[in-house]
There are 2 protein chains.
Amino acid sequence: MAMELRRPERTFTIRQLCTEFKATPRALRFYEDKGLLTPARDGMNRVYSYKDRARLILILRGKRVGLSLQEIREILELYDEGDDAMHQNAHSLKKFREKIVVLEQQREDIEGAITELKTACERLETRLAEKRPDLLPKAADYDQMLRARLDGHAEMAMGK
Amino acid sequence: MAMELRRPERTFTIRQLCTEFKATPRALRFYEDKGLLTPARDGMNRVYSYKDRARLILILRGKRVGLSLQEIREILELYDEGDDAMHQNAHSLKKFREKIVVLEQQREDIEGAITELKTACERLETRLAEKRPDLLPKAADYDQMLRARLDGHAEMAMGK
DNA sequence: AATCCCGTTTACGTCAACGTCAAGCGGTGA
DNA sequence: TCACCGCTTGACGTTGACGTAAACGGGATT
């Protein structure tokens, strides 16, 4: 039975995907409205395949890096293949190249922001240590943070 | 005269800052509304100091890495210093730590997205080269792209 | 049969970050 | 003086990505 869950014929309900990826049903239906997902139906109800789930993963990651749903759809359509529109493809190619430039800039920005935040943290920490050491975070807080990170990574691993 | 422009007493009009950073007056006034900027006044008109300009740079970079104006304001208030609120600082410390985690995750996402886009570009390019080589971007296009990137970097250098 | 519970559609609401007018002020050049 | 320019303050509009509420359907359980 547990093995069944791993078989690629497996399907998912909307809620299963929502809880797995911390999304809402509203969001998934919205993505469907916008043409990013097209799950099958069992009567009225949506039935998500493994492929749908893979698309959802791409959607969510696209969002995290700041792509619009429209841009994400273009990428997904590329993977769909099968149609003729080569002009479309030429256009996509150009837009993707532009997006890569933007993302590389973003990566620089983020690295800068990370180091800046870290130095700000150090400043805060030493100042707090001097004047109000009682306000410094306790070991328990760190524990909770670590838990959160591990949870996050567990999901990532499953997603992959 | 040119040297005057470099002296830190220099001030800026709203439009000067806007053209320098490709923002709009509306945006700068909006940031002011939200408490991120507090330029001096000459009669009715806003007069931005070098400090204001520095804050604006931080605001824009914060935006590029996906911080909300609210979050940016917290960071800026930290640099203001001078007040007592150490609890505030303890809170900021916690939030900054969380934000660092988020940003590190974002960096991972972006790196993933970049490689994914690059492979997508390659697929597109080979497919176009096979079937419709006439649609491939010309050397002129690349030239224009390079110009754009160089312009961008020139601004970064000025901003720094 | 009644009650959950999960799912559905339709439609309106919300929030951030501005854009877009409209109307008016203050200086400057012709 | 007049026309123009750039700046100002409201105030309303917009866009993307959903949230929320209403009203309903259909199994499963009680």
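Chain identifiers are assigned alphabetically (A, B, ...) following the order of the sequence lines, protein sequences preceding nucleic acid strands; residue numbering begins at 1 within each chain.
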Margin query: With a 4.0 Å cut-off on N to O distance, would you call A:R53 and A:E20 a salt bridge?
Written below: yes
Check: Are B:Y50 and B:Y48 joined in one hydrophobic group, where the rule is that I, L, V, M, F, W and Y side chains link up if heavy atoms are under 4.5 Å apart?
Finding: yes
Next item on the list: May I ask you to say whether A:R127 pairs ionically with A:E122, meaning some side-chain N is under 4.0 Å from a carboxylate O?
Entry: no
Margin query: Quick test of your reading of the model: are B:K99 and A:E116 salt-bridged, counting only N-O distances below 4.0 Å?
Written below: no
Margin query: What's the separation between atom CD1 in A:I59 and atom CG in A:L69, rounded to the nearest 0.5 Å?
Written below: 7.5 Å
Check: What are the bounds, 5' to 3', of the part of DNA chain C that sits under 4.0 Å from heavy atoms of chain A?
Finding: C:dG7 to C:dA11
Item checked: Nucleotide interval of DNA chain D bounded by contacts with chain A (heavy-atom cut-off, under 4.0 Å) -> D:dA17 to D:dT20
Note to self: Under a 4.0 Å threshold between the charged nitrogen and the carboxylate oxygen, would B:E108 count as salt-bridged to A:R107?
What the structure shows: no
Margin query: Quick check on DNA chain D: between A:L28 and B:R41, whose nearest nucleotide comes earlier from the 5' end?
Written below: B:R41
Next item on the list: Look only at the side chain of A:E71 and the backbone of A:S68, and say whether a donor-acceptor pair between them is shorter than 3.5 Å.
Entry: yes
Note to self: Any salt bridge linking B:D109 with A:R61? Criterion: basic side-chain nitrogen under 4.0 Å from a carboxylate oxygen.
What the structure shows: no
Margin query: Quick check against the 3.5 Å criterion: does B:Q16 have a side-chain atom that pairs as donor or acceptor with the backbone of B:T13?
Written below: yes
Item checked: Along DNA chain C (nearest heavy atom to each residue), the more 5'-positioned of A:R26 and B:L67 -> A:R26
Margin query: Base, sugar-phosphate or nothing for A:R15? Non-hydrogen atoms, less than 4.0 Å.
Written below: sugar-phosphate
Checklist line | Helical bend (five base pairs per end, nearest 10°) for the helix from C:dA1-D:dT30 to C:dA30-D:dT1 | finding: 20°
Margin query: Any side-chain to backbone donor/acceptor pair from A:R10 onto A:S49? Under 3.5 Å, distance only.
Written below: no
Next item on the list: Could you tell me whether B:K34 contacts a base, only the sugar-phosphate backbone, or nothing, with contacts defined as non-hydrogen atoms closer than 4.0 Å?
Entry: nothing
Notebook entry, point to check: Of B:V47 and A:Q70, whose nearest nucleotide on DNA chain D comes first from the 5' end?
Noted result: B:V47
Next item on the list: Using a 4.0 Å heavy-atom cut-off across all strands, classify B:R29 as base, sugar-phosphate, or nothing.
Entry: base
Next item on the list: Decide, yes or no, whether a salt bridge links B:E32 with B:R41 under the criterion of side-chain N to carboxylate O below 4.0 Å.
Entry: yes
